[in-house]
Trainee: 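Okay, handing you the structure first.
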Amino acid sequence: MIPAEFRYLCPSTVDEAVRMLVEEGEDAKVIAGGQSLVPVLRMRLAAPTALIDIGGLTELTGVRDDGDSLLIGAMTTHYEVQRDHLIHDHALLLKLVTDTVADPQVRHRGTFGGSLCHADPAGDLLAPALALDAVMIIAGPGGRREVPASEFFVGYFETALAPDEILIDVRVPKYTGWGAHYEKLNRVAQAWSIVAVAAAVQISGGTIAAARVGLTNVGSGPVRAVDVESALVGQPVSAISDAALLASSGDGYKDNLARVLTDRALTAAVAG
Amino acid sequence: MTATAEPEVGKARLRKEDARLITGQTKWTDNLQLTGMLHMAVLRSPVAHARIRSIDCSRATAMPGVAIVLTGEDLAAEQGSLPCAWPITEDMLAPAAPALAVDQVNFAGEAVALVIADNAYRAADALAAIDVDYDELPVVLDLEEALQDNDLVHPDLGTNKSATWIFDSAEAGSGTNVEDEIASAEVVLERTFRQQRLIPSFMEPRSVVVDPSADMFTIWSATQIPHILRWMLAAVSGIAEHRIRVIAPDVGGGFGGKLQVTPEELLCLLVARRMGRPVKWTESRTESMLSGHHGRDQIQKITLSARRDGMVTGLKVELLADMGAYLRLVTPGIPILGAFMFNAIYKFAAYRFVCTNVFTNKVPTDAYRGAGRPEATFAIERMMDELAVELGRDPMELRQQNWIKHDEFPFSTVAGLTYDSGNYEAATDRAMELFDYSALREEQARRRSSRDPVQVGIGISTYTEMCGLAPSRVLGALRYAAGGWESASIRMLPTGKVEVITGTSPHGQGHETVWSQIVADRLGVPFEDVEVLHGDTASSHRGMDSYGSRSLAVGGTALVHAADKVLAKARRLAAHMMECDEADVEFATGSFSVRGTSTVRSLGDVVLAAHVAHDLPEGMEPGLDADATFDPDNFSFPHGTHLCATEVDTQTGMVRIRSYVAVDDVGTVVNPLIVDGQVHGGLAQGIAQALYEEAIHDETGTLTTATFADYLVPSAADLPAFMTARTATPATSNPLGVKGVGEAGTIASTPAVVNSVLDAVRHLGVRDIEMPLSPERVWTALRGGAAEASTPAAGGLGSIDSQGGQS
């Protein structure tokens, strides 16, 4: 398992990293935590000519309070997300999802932004990012731009990121006080999910004021269960099971899982 | 028998080996760096069956750092055929097995060319520059289709059938005729089970270094079998055996997967000879999964005849065993090892076993933990549950009615073995007590009546196995090419320290610790004063290596015999030193004394006296070293009762093991900590077969589970806290009373889990679910889709492999 030869570049600022991407062209690749890219390189499924390591860009790490939302640095590791009190208080779903990512070693190296850019449909963080209306803040040669998650995930391992752009921050609106749960079905602990459901629920006066539901690994990218979400607004908690049936209409195993796990995720989010 | 103050045997010693293993203070084969060493990379066939039209190495040869690129044609004159040491029948068909394919590839992953370069990176880079032109042939994958001989794996053999091996109790005189029993039976059950293909998944990938300097070939290899490897490499390469030294340094696991003479070991040797320089090859995990031998892969058709009162009268076993593309070292014999175990702990009147070995275009199969015996145990334990269901009986009670009672040992079985000892009642009583069987049955009834989405099941496995491989005469009768004895030497050093040399070759088992405990007790020396040497044919020149739960029962016995020889001679010398009659010499806790006096000589005094040899009895040779070789008269027969409770989520198909009780009778226990470790690891691997692991080939013969993202090995996080306990009826076939424990957990646990899951969902109309019991298969079976419940279960994960399924 030896990767093909590549040049290793180590920028010290985001702007330098972008410049390197422009200079190196399409065959260069940004490496963040490396937990997805390194296996790909070792299996020679990809052979970039240059790796631009943004691991030294400390400006991209950490979680900041930005009024109505949080700003999560793209290079914040899963381990840091798990322990961050802002995330715990205002985006509990992200913490609960991150708790289930791979294993402790991976969580210490892998990054929040790296997972989103890799866009593996089985990756855990895509569905909650979509469901929570996260916004990707992207640096490129033309400056900064913002892309909502609903436009960022384009398809199977594919995002709206251009080859010369870098994800630098993720803006997540605050969901203070919302209940949350991630219901993940995988065969062994370190495995990707067969299907998983990320749910966040706001309860007000005994009824559901709002709900967010994202599905992992049921399509070429994350899927937001908008029918389920809207069916729940203003409903009592007892409406969850019926609403969950809207998560998928198909007859296959994964369709069944989408419905069953949506029910369980919402029920646990409300209870938790 | 002598003893130190506190006996070492039975003590839960921490393993001597672990400090160096877990702190990186050892050298694995891949750590070796020799001056001028070259690195070998192997180009492997991406197709399962093809003629090789041509191989163009010109671009690869010109790449930086590349010393040479070799094809099968280049080595054809010297590579011979890899050995198969177990021609199970006189008329067995065996294809030539070149280490490097010459004109045809027969499985995806087969080696087709080698790059030898000055470092591993450049060797790997050059692989992509070799152009192979393949002319693809029809692929033979399915066992039953293969038997039709429409397409042939090896056209020159004229058939895909390698051999048929038969045991019949009527012919052997060990029982009645099974067809008669079936014809006259009140109940006949017929079931077909599939033993899926598994991958041994040892932790340390295989690695070989060959140093051809100083007129010797020194071979380091991550192998279980340094002695057999030396013998076989000499035989295949024509290099004189005394010019070959094999060293198995610390080896990180094997599970049978390193009981092999691999193509790469031979190729490294040939390349080192050709280049006159050291050569190293270390595989990647995917390479390991694509080319290291696999295990299991059988279709088992089982017919059981019984009386309405529950007594089983006959068992007929018809196996199809997948050899893969070639016969490796003991490939054809693996299913035959199971032949003696299908009758298990039961008293059946008649038994017939027919095994047909079949070639396919897949990775060769060979030994994998349990080797033939897990398959047998699975089949019979599943059948006993099926019979209990058929007759409306409690499955444990039905087993009890049929098993050999504790006062019936020694017992001659219908398969022709003699079980020396055992007590199935005692192990079962203990297991039932720990498990709380009746409370679980009550909960099961409650959940059934309330139609709980989570159903509970109870699975039983009352297993036995044959271990301590093996009496050489039996191996000879089975046409196995080697013997089954084991050897040990004891060197008494002048300072009183002890070196033990064993012919076993530990690769994770802890022989250094256990052998030290045995010797410490026997000679009355401190545990810390014993050093165990192994795995180097220069220091340990005689041995049959480690597999088949044999090391302690056979190698440990050789060690006891060697220690007894040391003591016998020391006693003579002690009598001489104390000027008394030898009959008056007593030995205890490391000292000789004269009965009824205070005259004492420590063993150390006697050792030194023997070493300096200033004053020895007339005719005595200096020194107290001793060798012993032990060939067992019989196998050993560990047994036990395993009980498994599972929860089946009927909405998702997910299975969770709620509790698992393993009561094993492995005879005398030398080190309970190591025995527990063996049982835990064994259970993990057996449970993995039931629930998780499966090597899957697509319709082109490509292995789609060639990473640990797709081939699901469970971790501690997926397994319950095991409840283990032991009963002990010492083996009578060796002086230690030990039976072996390396494979017990793997053999016992698979049927316990599957029986448990079926027990949970049978009332919902499910009759069987093919292994591994993935959530999708369980869910599909619950929907009534029995056929669909056997679609490939793995896949799964792979986010990297875009072709990987996501179910």
Side-chain angles (χ1 to χ4, degrees), chain A residues 1-6 35-47 100 102-104 115 118-124 126 156-158 183-197 216-220 241 244 251-261 263-264, chain B residues 39 41 64 119-125 127-128 205 282-287 453 649-655 688 691-693 706-710 712-719 772-777 779-780 783 785 788 791 793-802 804-807:
Chain A
M1 283 270 166
I2 293 173
E5 192 171 340
F6 55 83
Q35 299 306 291
S36 301
L37 182 57
V38 171
V40 166
L41 297 178
R42 286 168 63 88
M43 299 182 82
R44 299 197 179 210
L45 296 172
T100 74
D103 53 47
S115 294
H118 186 54
D120 183 338
D124 291 300
L126 283 62
Y156 195 76
F157 292 92
E158 207 184 336
E183 187 74 18
K184 179 173 177 174
L185 192 89
N186 54 358
R187 290 185 59 200
V188 295
Q190 76 276 16
W192 279 270
S193 54
I194 301 171
V195 170
V197 177
T216 299
N217 210 15
V218 296
S220 60
S241 291
D251 194 34
Y253 179 58
K254 284 187 158 197
D255 298 299
N256 168 67
L257 285 185
R259 294 186 291 265
V260 170
L261 302 184
D263 187 0
R264 292 181 185 182
Chain B
H39 295 260
N119 70 43
Y121 299 86
R122 288 169 147 179
D125 284 346
L127 290 180
T282 299
E283 68 185 355
S284 71
R285 180 60 62 182
T286 291
E287 206 176 4
D649 183 335
T650 59
Q651 293 178 332
T652 63
M654 194 73 184
V655 174
L691 296 180
Y692 305 118
E693 296 183 17
T707 72
F708 279 155
D710 297 297
L712 301 185
V713 177
S715 68
D718 306 301
L719 299 165
L773 278 58
S774 69
E776 183 168 6
R777 278 190 181 154
W779 181 79
T780 305
R783 290 179 101 205
E788 286 175 56
T791 52
L797 305 176
S799 83
I800 288 172
D801 174 8
S802 60
Q806 297 290 339
S807 51

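If you're wondering where the values come from, they're calculated on a predicted model, not measured in any experiment. Naming: A, B, ... by sequence-line order, numbering from 1 per chain.
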Trainee: Looking at CD1 of A/I2 and CG of B/N119, how far apart are the two atoms once the value is rounded to the nearest 0.5 Å?
Mentor: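 It comes to 7.5 Å.
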Trainee: Judged by atom type as modelled, is there a donor-acceptor pair below 3.5 Å linking the side chain of A/Y253 to the main-chain atoms of B/T652?
Mentor: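 Indeed, once roles are kept as given, a pair shorter than 3.5 Å links the two residues.
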Trainee: With sequence neighbours excluded, tell me which residues meet side-chain hydrogen bond (donor to acceptor under 3.5 Å, both in side chains) with A/R44.
Mentor: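 Once residues adjacent in sequence are excluded, the partners of A/R44 under the side-chain hydrogen bond (donor to acceptor under 3.5 Å, both in side chains) criterion are B/D125.
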Trainee: Roughly how far apart are B/E776 CD and A/R187 CZ, rounded to 0.5 Å?
Mentor: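 Taking CD in B/E776 and CZ in A/R187, the distance rounds to 9.5 Å.
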Trainee: Which answer fits B/L691, side chain, backbone, both or neither, if we ask what part of it has an atom under 4.5 Å from a heavy atom of chain A?
Mentor: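 Answer is backbone: N, CA, C or O of B/L691 sit under 4.5 Å from chain A.
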Trainee: Specify the closest pair of heavy atoms between A/I194 and B/P775, including all atoms of both residues, with the distance to one decimal.
Mentor: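 Closest pair (atom of A/I194, atom of B/P775, distance): CD1-CG, 4.1 Å.
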Trainee: Heavy-atom distances under 4.5 Å only: say whether B/V713 touches chain A with side chain, backbone, both or neither.
Mentor: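 B/V713 touches chain A through backbone heavy atoms alone.
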Trainee: Side chains of A/M43 and B/T707, heavy atoms from C-beta outward: is any pair under 4.5 Å?
Mentor: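 A side-chain contact under 4.5 Å exists here.
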Trainee: Among A/G252, A/A189, A/G123, which residue has the highest count of heavy-atom pairs closer than 4.5 Å to chain B?
Mentor: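 Most pairs with chain B among the choices: A/A189.
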Trainee: If you round to the nearest 0.5 Å, how far is CZ of B/R122 from CD of A/E5?
Mentor: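 Atom-to-atom, A/E5:CD and B/R122:CZ are 8.5 Å apart.
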Trainee: Can you tell me which portion of B/T282 sits under 4.5 Å from chain A's heavy atoms? Options are side chain, backbone, both or neither.
Mentor: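 No part of B/T282 comes within 4.5 Å of chain A.
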Trainee: What part of B/A120 is in contact with chain A, defined as an atom under 4.5 angstrom from a non-hydrogen atom: side chain, backbone, both or neither?
Mentor: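 It is both, since atoms from each part get that close.
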Trainee: Answer with side chain, backbone, both or neither: which region of A/N186 has an atom nearer than 4.5 Å to a non-hydrogen atom of chain B?
Mentor: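 For A/N186, the backbone is the part near chain B, not the side chain.
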Trainee: For a quick test of reading the model, state the closest non-hydrogen atom pair linking B/W779 to A/D251 and the distance between them.
Mentor: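 In this case the closest contact between B/W779 and A/D251 is CH2-O, 4.0 Å.
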Trainee: Name the member of A/V260, A/L261, A/N256 that forms the most heavy-atom pairs with chain B at distances under 4.5 Å.
Mentor: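 Looking at each of A/V260, A/L261, A/N256 in turn, A/N256 comes out on top.
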